[in-house]
Amino acid sequence: SSDLSCHNMICNENVNAEYAVSITGDNFADMFANMDDDYMRARSADVKDISNRLVSNLSGEEQPDWENTEPSIIVADDLTPSETVQMDKNKILAFVLVHGSANSHTAILARMMNIPALIGVPIELESLHNGVNAIVDGQDGIFYLNPDENQIAQEQEQKKLLANYKGRESVTKSGRKINLYANIGNVSDVAYVLENDAEGIGLFRSEFLYLGRDELPDETEQFNAYRQVLQMMADKKVVIRTLDIGADKKADYLGLGKEDNPALGYRAIRICLEQPDIFKTQLRALLRAAKYGNLSIMYPMIISVEEVVSIKKIVAEVAEELENENIPYEIPEQGIMIETPAAVMLSEELAELVDFFSIGTNDLTQYTLAIDRQNNRLDRFYNPHHEAVLRMIEMTIQGAHKHGKWVGICGELGADTTLTERFIKMGIDELSVSPSMVLGVRSRICEME
Ligand code: PEP
Ligand code: MG
């Protein structure tokens with residue numbers, strides 16, 4: 001219909017296509033902005049995003065020439081997901097955004113791309129031009145524009161200090177050893193894991209193998225990806241999470257449909273238990289890959305003992321099939337993510353059934369505080385330091401330890417060095433953080449009594 005109204009405007013009002021698209025885009029964006037439903041209202045920005053891109057294509061506006069661009073810091077008012085995914089990630093040193101929300105798709109994409117991002121930085125964009133020097137300190141969230149020699153020296157010193165922690169154990173002065181692992185989204189991220197000397201991979205978000213394509217990845221493709229990661233990590237631990245699709249991560253070919261409350265919807269293990277063919281293909285690939293390294297499998301969004309019992313039954317079926325087909329396999333260590341209040345409350349019972357827990361603080365915060373992590377209007381209420389969240393973490397650790405199981409944190413909060421000491425006092429065994437955060441967290445652990 002937008003096509004029609006543009007067409008009408010061009011014919012009847014004698015305006016050019018750019019103008020017609022722009023006005024039509026504005027009209028649709030306004031229409032969405034005035035809808036009752038929060039989700040639909042937020043789509044107004046997406047409509048604007050598309051119409052801006054159409055106008056820029058129509059007007060032959062210069063597109064960035066990534067080929068000939070030096071690696072740079074991107075400073076912008078805000079970035080849409082479509083702008084972000086189109087960028088060449090090898091050329092981006094950091095993102096600095098004046099607006100935007102820490103839990104927005106763009107921030108999540110930046111994290112997945114392992115690129116430091118500062119959000120909500122009050123800069124006068126007019127005063128900036130291409131080619132000025134700047135430093136982004138992602139660790140402390142500081143942006144230095146035109147840094148003086150002192151600041152550059154300080155940052156380099158800081159980098160050097162952190163580099164000293166490469167090759168060291170993550171152990172407190174009194175000898176408490178923490179397993180410090182890293183999070184990845186695809187095979188190529190392993191390079192960052194090794195570069196930053198993580199001791200293993202605590203979360204491989206396997207759903208990224210399923211996104212941005214037209215059909216499910218088959219068993220062979222998945223087996224190859226998992227085996228590659230395991231082999232690159234040699235005998236170090238690799239925790240691969242089974243498919244956590246749904247909510248904000250959608251793949252059209254799955255035909256999941258629209259939901260009123262996607263965060264509370266058909267997602268992750270719920271899809272796998274309802275569509276066991278998809279789940280079994282992934283499990284076959286995982287059990288086969290287990291022969292090539294130190295694998296653990298982890299299941300997301302668990303809320304009940306029954307789910308774990310069903311999962312184990314399916315794993316046993318898959319193992320039996322592989323056995324009958326004479327295909328080499330191994331049943332690796334199996335754990336669950338603790339990211340719903342239900343799982344926290346049942347942590348003692350669940351710990352009896354599994355080998356380990358990994359606490360997903362991103363979702364645990366969302367579900368404990370009843371705050372949609374995608375809704376940037378709620379950023380100031382999304383508080384992972386909320387005492388309720390911290391007590392949930394403590395309860396989970398106690399539940400796991402009661403049955404002698406290890407427990408880690410793989411949500412963003414695991415990298416928050418203001419809490420490292422508290423987590424260790426609670427008894428946490430493992431922390432899994434973005435590769436770029438590994439050395440900072442290790443230095444914090446090593447400084448601790
Ligand atoms: C989490 O919820 O904390 C987590 C690690 O998983 P994701 O961010 O992929 O939902
Ligand atoms: Mg999660």
Side-chain angles (χ1 to χ4, degrees), residues 81 101-114 117 180-186 189 193 198 200-211 238-251 261-272 282 296-303 307 335-344 347 356-375 379 382-386 388-390 392-393 396-397 407-416 419 423 428 430-435 437-438 441:
S101 113
N103 300 298
S104 67
H105 282 103
T106 301
I108 286 172
L109 274 171
R111 273 201 288 273
M112 290 310 307
M113 290 155 86
N114 265 305
L180 182 55
Y181 298 158
N183 297 347
I184 64 167
N186 57 52
D189 290 344
V193 176
I201 291 171
L203 168 64
F204 177 1
R205 289 177 161 99
S206 70
E207 57 273 13
F208 284 89
L209 293 176
Y210 292 71
L211 295 172
V238 175
V239 181
I240 302 183
R241 174 173 77 183
T242 59
L243 185 60
D244 183 2
I245 218 157
D248 58 319
K249 300 181 205 128
K250 288 260 155 84
N261 288 304
L264 304 179
Y266 190 49
R267 128 169 222 206
I269 203 68
R270 300 166 187 177
I271 297 178
C272 288
Q282 181 169 38
S296 303
I297 308 182
M298 171 159 85
Y299 307 104
M301 286 296 293
I302 295 297
I303 58 166
E307 283 170 342
I336 55 173
M337 293 205 53
I338 302 289
E339 49 187 347
T340 63
V344 175
S347 53
F356 68 93
F357 286 162
S358 186
I359 306 173
T361 50
N362 308 337
D363 278 316
L364 187 57
T365 304
Q366 153 164 277
Y367 297 124
T368 301
L369 304 184
I371 284 172
D372 177 358
R373 66 192 258 201
Q374 294 295 115
N375 185 343
D379 263 8
Y382 182 93
N383 172 19
H385 286 221
H386 194 295
V389 176
L390 296 174
M392 292 252 178
I393 294 171
T396 304
I397 296 172
V407 49
I409 297 177
C410 64
E412 298 298 313
L413 202 62
D416 186 333
L419 289 171
F423 292 147
I428 204 77
E430 178 245 23
L431 294 169
S432 191
V433 303
S434 293
M437 307 298 266
V438 168
V441 175

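In listed order, ligands and their atoms are each counted from 1.
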What pair of heavy atoms forms the shortest contact from [X] to [Y], and how long is it?
X: P341; Y: M392; result: CB-CE, 3.9 Å
X: Y382; Y: N362; result: OH-O, 2.8 Å
X: A342; Y: I303; result: CB-O, 3.7 Å
X: M298; Y: V239; result: CB-CG1, 3.7 Å
X: V389; Y: N383; result: CG2-O, 4.3 Å
X: T396; Y: S347; result: CA-OG, 4.0 Å

Using heavy atoms and a threshold below 4.0 Å, how should the contact between [X] and ligand 1 be classified: side chain, backbone, both, or neither?
X: R373; result: side chain
X: M301; result: neither
X: R267; result: side chain
X: L203; result: side chain

Under 3.5 Å, is there a donor-acceptor pair linking the side chains of S432 and N183?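 Checked: S432/N183 side chains pair up, N/O donor to acceptor below 3.5 Å.
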Between T361 and E412, is there a side-chain donor-acceptor contact under 3.5 Å, judged purely by atom types and distance? no
Which option out of I409, T365, N362 puts a heavy atom nearest to atom 4 (C) of ligand 1?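 When every heavy atom of I409, T365, N362 is considered, N362 comes closest to atom 4 (C) of ligand 1.
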To the nearest 0.5 Å, tell me how far I336 CD1 sits from I359 CD1. 10.5 Å
The Mg ion (ligand 2): protein N, O or S atoms [distance under 2.8 Å]: E339 OE1, D363 OD2
With sequence neighbours excluded, tell me which residues meet ring pair (Phe, Tyr, Trp, His ring centres under 6.0 Å) with Y210. none
Could you list which atoms of ligand 1 come closer than 4.0 Å to a heavy atom of [X]?
X: G360; answer: 1 (C), 2 (O), 3 (O)
X: R205; answer: 4 (C), 5 (C), 6 (O), 7 (P), 8 (O), 9 (O)
X: M337; answer: 4 (C), 5 (C)

Give the residue and atom name of whichever protein heavy atom lies nearest to atom 6 (O) of ligand 1, and the separation in Å to one decimal.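 Sorting protein heavy atoms by distance from atom 6 (O) of ligand 1 puts R241 NH1, 3.0 Å first.
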So is there a nitrogen or oxygen of D363 less than 3.5 Å from a nitrogen or oxygen in ligand 1? yes
Can you tell which of R267, R205, R270 makes a salt bridge (charged side-chain N to carboxylate O under 4.0 Å, His left out) with D244? R267
